[in-house]
Amino acid sequence: MPELPEVETIRRRLAPRLTGKKIHRVRVRRGSRLLRDTVGEVALKKALEGDAIAALGRRGKYLLLALESGNFLVVHLGMTGALYLRPKNAKPPPHTHLRLEFEDAELMLVDPRTFGRVFLVRGGELDSHPALSKLGPEPLDRSFTARELGLALSRRKAPLKAALLDQRAVAGLGNIYADEACYRAGLSPLGPASRLSAGEVKKLHRAIRETLTEAIKFKGTTIRDYRWDAGRSGDFAKRLLVYGRAGLTCRRCGKAINRVVLQGRSAHFCPGCQGRVPKS
DNA sequence: CTTGTGCCCTGACCGC
DNA sequence: TGCGGTCAGGGCACAA
């Protein structure tokens with residue numbers, strides 16, 4: 001569900017509310033699939049209880065809860081994951097997998113489809129953790145350059161969109177923003193990633209950053225599940241230019257937006273604005 | 001190494 | 001009101 005802008009929105013929402021809070025009690029749903037990558041349930045509780053939240057970070061689509069002990073609780077929300085900060089003793093919604101109880105509030109991790117995951121990383125092992133070690137650059141970091149993007153893409157024969165969804169090229173793009181970035185850059189998502197000119201790479205680099213920045217400004221995109229807090233939707237959906245607009249007219253050229261299936265996921269693009277569609 | 005496919009799940013929605 | 005089919009913001013294991 002959530003891509004970089006949604007995770008970043010959640011991080012910004014929670015950071016001031018969680019920082020410094022001590023974890024009094026941890027409750028986990030027994031046998032939860034979300035915990036499959038972490039130490040056991042008992043060890044997780046033992047590690048977290050009594051610790052406190054020092055800061056909230058983000059790496060790609062991963063939310064990082066930095067603890068005062070130096071450990072990290074790392075959360076990936078998968079497709080339908082959500083984090084709700086509720087008053088203590090609020091009734092947990094269905095599909096609540098993890099509850100962190102603070103003095104006056106409780107953080108609940110809810111995830112119906114259970115594609116999300118949670119793991120505990122010992123201090124200093126964050127960068128070497130298998131889930132995080134292969135992530136590409138943060139697209140909104142100043143250090144992320146068009147040159148770097150071009151280099152990563154030049155090695156890929158796959159369609160551009162497939163390369164963008166690969167978190168090793170850039171961290172944080174998902175199905176929505178990969179489509180939107182391709183559109184804004186005027187590039188076909190179906191063309192080979194390695195064939196971009198330097199100018200096209202530059203446009204794509206700018207498009208990625210602008211799309212993500214604007215989406216964060218609007219608190220992300222809610223299609224159905226995503227909430228940045230209980231009941232609160234992101235407003236970027238109405239600004240989408242291609243994603244979910246198959247058959248509707250392109251706002252720029254008026255042609256009908258196409259939808260094709262690419263690597264098992266839908267890709268949306270404007271045949272008029274996004275170059276030739278290569279014949280296969 | 002690369003690339004594409006199928007699968008892990010639940011639930012919403014649509015047409016019959 | 002069912003009931004089956006389709007689809008969904010992700011990522012991993014696997015085969016070729």
Side-chain angles (χ1 to χ4, degrees), chain A residues 1-11 29 31-37 58-63 74-83 93-97 109-119 129-136 139 152-182 189-194 208 211-212 215-216 218-228 232-247 259-268 280:
Chain A
M1 161 241 265
E3 307 181 29
L4 187 153
E6 289 75 36
V7 179
E8 178 62 17
T9 300
I10 291 166
R11 187 193 73 77
R29 166 184 279 218
S32 167
R33 236 167 61 86
L34 297 208
L35 306 178
R36 61 197 177 280
D37 294 334
R58 182 189 54 74
R59 181 76 176 92
K61 302 173 192 172
Y62 291 88
L63 185 69
V74 180
V75 177
H76 192 295
L77 296 172
M79 289 277 258
T80 51
L83 283 167
H95 306 291
T96 299
H97 295 263
L109 173 55
V110 180
D111 186 358
R113 286 179 77 183
T114 67
F115 287 173
R117 50 192 67 211
V118 169
F119 40 86
H129 189 279
L132 299 166
S133 64
K134 286 182 238 141
L135 291 179
L153 296 179
S154 70
R155 295 189 278 246
R156 302 296 305 273
K157 238 170 120 179
L160 175 58
K161 184 179 173 190
L164 292 177
L165 288 177
D166 186 333
Q167 302 295 297
R168 292 172 299 182
V170 197
L173 290 179
N175 214 28
I176 294 178
Y177 300 109
D179 278 355
E180 294 297 309
C182 287
L190 309 180
S194 58
I208 289 170
T211 305
L212 295 176
I216 291 170
F218 286 89
K219 297 188 162 33
T221 304
T222 297
I223 304 293
R224 55 173 71 73
D225 300 303
Y226 160 71
R227 299 289 182 275
W228 51 270
R232 310 255 232 148
S233 302
D235 295 324
F236 196 68
K238 41 180 172 284
R239 310 188 75 88
L240 295 175
L241 301 172
V242 283
Y243 183 87
R245 301 192 69 246
R259 174 184 177 273
V260 298
V261 174
L262 179 66
Q263 298 196 328
R265 320 201 53 191
S266 55
H268 312 74
S280 55

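Every value quoted in this text rests on a predicted model; they were computed, and no experiment measured them. First the proteins, then the strands, lettered A, B, ... as listed; each starts at 1.
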Worksheet item: In dot-bracket form, how is DNA chain C paired, counting a Watson-Crick or G-U wobble pair only if both its distances are under 3.5 Å and using | for bases paired to another strand?
Response: .|||||||.|||||||
Fill in: Anti versus syn assignment for dG9(C), with syn defined as within 90° of 0
syn
Worksheet item: Quick one: is His76(A) getting a side-chain N or O under 4.0 Å of the dG10(C) phosphate, OP1 or OP2?
Response: no
Worksheet item: To the nearest angstrom, how far is Glu3(A) atom CD from dG10(C) atom C1'?
Response: 9 Å
Worksheet entry | d(CG, Asp111(A); P, dG10(C)) in whole Å | 13 Å
Worksheet item: Under 4.0 Å between a side-chain N/O of His95(A) and OP1 or OP2 of dG11(B), yes or no?
Response: yes
Worksheet item: Quick one: side chain to side chain donor-acceptor pair (under 3.5 Å) partners of Arg245(A), sequence neighbours excluded?
Response: none
Worksheet entry | Contact state string [nucleotides 2-8 of chain B, B base, S sugar-phosphate only, - no protein heavy atom under 4.0 Å] | SSB---B
Discussion item. Donor-acceptor check, side chain of Asn175(A) to backbone of Ser266(A), threshold 3.5 angstrom: yes or no?
Written reply: yes
Discussion item. From CZ of Phe119(A) over to P of dG11(C), roughly how many Å is that when rounded to an integer?
Written reply: 11 Å
Worksheet item: So, Arg113(A) and Asp225(A), do they make that salt bridge, N to O below 4.0 Å?
Response: no
Worksheet entry | Thr114(A) vs dT10(B): side-chain N/O to OP1/OP2 distance below 4.0 Å | no
Practice prompt. Could you state the atom-to-atom distance from CZ of Phe218(A) to C1' of dG9(C) in whole Å?
Written response: 18 Å
Worksheet item: Quantified in whole Å, what is the C1' atom distance between nucleotide dT3(B) and nucleotide dG9(C)?
Response: 23 Å
Discussion item. Looking at Arg11(A) and Arg58(A), would you say the former's side chain and the latter's main chain have a donor-acceptor pair under 3.5 Å?
Written reply: no
Worksheet item: Think Lys61(A) has a side-chain N or O under 4.0 angstrom from the OP1 or OP2 of dG10(C)?
Response: yes
Worksheet item: Does Tyr177(A) place a side-chain N or O at less than 4.0 Å from the phosphate oxygens OP1/OP2 of dG9(C)?
Response: no
Worksheet item: Okay, side chain of Gln167(A), backbone of Lys134(A): is any donor-acceptor separation there less than 3.5 Å?
Response: no
Discussion item. If you define the side chain from C-beta out and look only at heavy atoms, does anything of Lys161(A) sit under 4.5 Å from Gln263(A)?
Written reply: no
Fill in: d(CZ, Arg117(A); P, dC9(B)) in whole Å
12 Å
Item to complete: Rounded to whole angstrom, note down the P distance from dC9(B) over to dC14(C).
Response: 15 Å
Practice prompt. Counting heavy atoms from C-beta on, name the nucleotide in dA8(C), dC12(C), dG10(C) closest to the side chain of Arg259(A).
Written response: dA8(C)
